[in-house]
Amino acid sequence: MRIFTLCDHASIPADGKIYIHGGGVHQLFVPQIPGPLRTLFLVVRLSIPWHMLGEPHTVRIRALDLDRNQVGPADPLIATPFELGRPAGHRPGDESAINICAELNGLTIQQPMTLRFHLLVDDQTIGSLPLKVVQMPQAGVPTVR
């Protein structure tokens, strides 16, 4: 894995580069809990080693609470099968890569929490990304520190 991050917006145009805006989101303040999260983008760049090229694989991304319960409308949120061939000129030890850019909508939070996005390749977890969600303080209401 080379990149695994949440951001405000991302895209992968035809040139194959990843354009990330507002990357590194790790905490959200939401106006109301329970309620929906704002739209986020999840960006993944996976390096695929030589020995895994030419075989079918599946990337899955799960959103789970700290008790490993599903958060969101589906589990997994994303499931993407892929198979990369060995390009001409590739030699043992060379890597290839895939980029994934997913717009996340429909995640509703029932209480303040930290949820984790789990990145799996062929059902093996290779990364976990936390997102802390808290309610925005009410204007004019003092906060206890």
Side-chain angles (χ1 to χ4, degrees), residues 1-139 143:
M1 170 178 48
R2 298 287 188 234
I3 299 172
F4 183 35
T5 192
L6 290 164
C7 58
D8 295 329
H9 187 266
S11 63
I12 304 173
D15 65 8
K17 296 177 188 174
I18 303 171
Y19 292 85
I20 297 173
H21 305 278
V25 173
H26 68 279
Q27 181 171 292
L28 283 182
F29 290 94
V30 295
Q32 182 177 329
I33 295 177
L37 298 183
R38 67 176 173 84
T39 298
L40 290 170
F41 286 76
L42 186 70
V43 177
V44 178
R45 178 173 175 85
L46 286 176
S47 292
I48 309 302
W50 169 264
H51 70 277
M52 291 177 69
L53 297 175
E55 301 173 358
H57 302 283
T58 302
V59 172
R60 288 182 181 79
I61 298 172
R62 302 179 72 198
L64 304 175
D65 66 17
L66 295 180
D67 293 324
R68 300 192 60 83
N69 297 312
Q70 167 187 333
V71 176
D75 185 28
L77 284 178
I78 299 160
T80 304
F82 72 94
E83 183 174 340
L84 296 178
R86 292 183 175 153
H90 255 50
R91 291 179 269 180
D94 290 346
E95 295 180 343
S96 287
I98 64 165
N99 297 327
I100 299 169
C101 176
E103 185 174 345
L104 301 179
N105 290 312
L107 292 178
T108 298
I109 301 301
Q110 299 303 317
Q111 61 191 15
M113 66 185 309
T114 297
L115 65 110
R116 296 193 80 85
F117 295 92
H118 296 265
L119 175 63
L120 298 89
V121 175
D122 299 333
D123 295 321
Q124 180 179 351
T125 301
I126 64 168
S128 178
L129 185 65
L131 176 64
K132 183 176 182 178
V133 181
V134 294
Q135 187 163 343
M136 201 176 306
Q138 300 290 328
T143 56

Distance in Å, [X] [atom1] paired with [Y] [atom2], rounded so as to fall on 0.5 Å steps:
X: Arg2; Y: Ile98; atom1: CZ; atom2: CD1; value: 13.0 Å
X: Glu83; Y: Met52; atom1: CD; atom2: CE; value: 11.5 Å
X: Phe41; Y: His21; atom1: CZ; atom2: NE2; value: 9.5 Å
X: Asp94; Y: Ile48; atom1: CG; atom2: CD1; value: 14.0 Å

Testing the basics here: between [X] and [Y], what is the closest heavy-atom pair and its distance to 0.1 Å?
X: Ala63; Y: Phe117; answer: CB-CE2, 3.9 Å
X: Ala97; Y: Leu84; answer: O-CD1, 3.9 Å
X: Pro49; Y: Glu95; answer: CA-CG, 4.2 Å
X: Thr114; Y: Pro130; answer: CG2-CB, 4.1 Å

For [X] and [Y], indicate whether the former's side chain and the latter's backbone hold a donor-acceptor pair under 3.5 Å.
X: His57; Y: Pro81; value: no
X: Thr125; Y: Leu120; value: no
X: Asp67; Y: Asn69; value: no
X: Asn99; Y: Ile18; value: no
X: Arg86; Y: Trp50; value: yes

Sub-4.5 Å side-chain heavy-atom contact between [X] and [Y]:
X: Val71; Y: Ile109; answer: yes
X: Leu40; Y: Leu28; answer: yes
X: Ile100; Y: Ile12; answer: no
X: Leu131; Y: Leu37; answer: yes
X: Arg62; Y: Gln70; answer: no
X: Arg38; Y: Val30; answer: no
X: Leu115; Y: Val133; answer: yes
X: Ile126; Y: Leu46; answer: yes

- Message: With side-chain contact (heavy atoms from CB on, under 4.5 Å) as the criterion, how do Thr58 and Val121 come out once you've worked through the C-alpha distance, each side chain's angles and the decisive distance to 0.1 Å?
- Response: CA-CA 6 Å; Thr58 302; Val121 175; over 6 Å; no

- Message: For a side-chain contact (heavy atoms from CB on, under 4.5 Å) check, start with the C-alpha distance between Asp8 and Val25, then their side-chain angles and the critical distance, and finish with the verdict.
- Response: CA-CA 7 Å; Asp8 295 329; Val25 173; 3.8 Å; yes

- Query: Taking atom NE2 of His90 as the centre, does the number of heavy atoms from other residues, nucleotides or ligands within less than 6.0 Å exceed 12?
  - Reply: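 Check passes, neighbour count above 12.
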
- Task: Take Leu77 and Leu104 through the test side-chain contact (heavy atoms from CB on, under 4.5 Å) and record every step on the way to the result.
- Result: CA-CA 8 Å; Leu77 284 178; Leu104 301 179; 4.2 Å; yes

- Message: For a side-chain contact (heavy atoms from CB on, under 4.5 Å) check, start with the C-alpha distance between Ile61 and Leu42, then their side-chain angles and the critical distance, and finish with the verdict.
- Response: CA-CA 9 Å; Ile61 298 172; Leu42 186 70; 3.3 Å; yes

